[in-house]
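What follows is a short report on a single structure.
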Amino acid sequence: MCTITLTYDQNNALARRKLAALLKTGLFVQTEAAESPTAEADKKMQREEIDAFLLTSKRNMANVIARYL
């Protein structure tokens, strides 16, 4: 058995109808997609970037806040 991945605009009514028609034929079965290893690595890298941004932001604001205390 082979796997097909489809990407479509979920707001496009025609795309949703065509997808429903394909599934209705019984030739295709919808399954839950497992996250790829790269998706997990991307999430980890994004989290590290956010943490680094917040740390830098806190360090930069510490001097500004200290002036007014």
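Using a 4.5 Å cut-off on side-chain heavy atoms (C-beta onward), Leu55 and Asp51 make no contact. Contact of the Leu14 side chain with the Lys18 side chain is registered, since non-hydrogen atoms from C-beta on lie closer than 4.5 Å.
Across all non-hydrogen atoms, the minimal contact from Leu6 to Leu19 is CD1-CD1, 3.7 Å.
Annotation: side chain to side chain contact (heavy atoms under 4.5 Å, CB included) contacts of Leu27 (sequence neighbours excluded): Thr25. Scanning for side chain to side chain contact (heavy atoms under 4.5 Å, CB included) contacts around Arg67 gives Val64, with sequence neighbours left out.
How far CG of Asp9 is from CZ of Arg16: 8.5 Å, rounded to the nearest 0.5 Å. To the nearest 0.5 Å, atoms CD1 (Ile4) and CD (Gln30) are separated by 12.5 Å.
Within 6.0 Å of the CD atom in Gln10, the count of heavy atoms belonging to other residues, nucleotides or ligands does not exceed 12.
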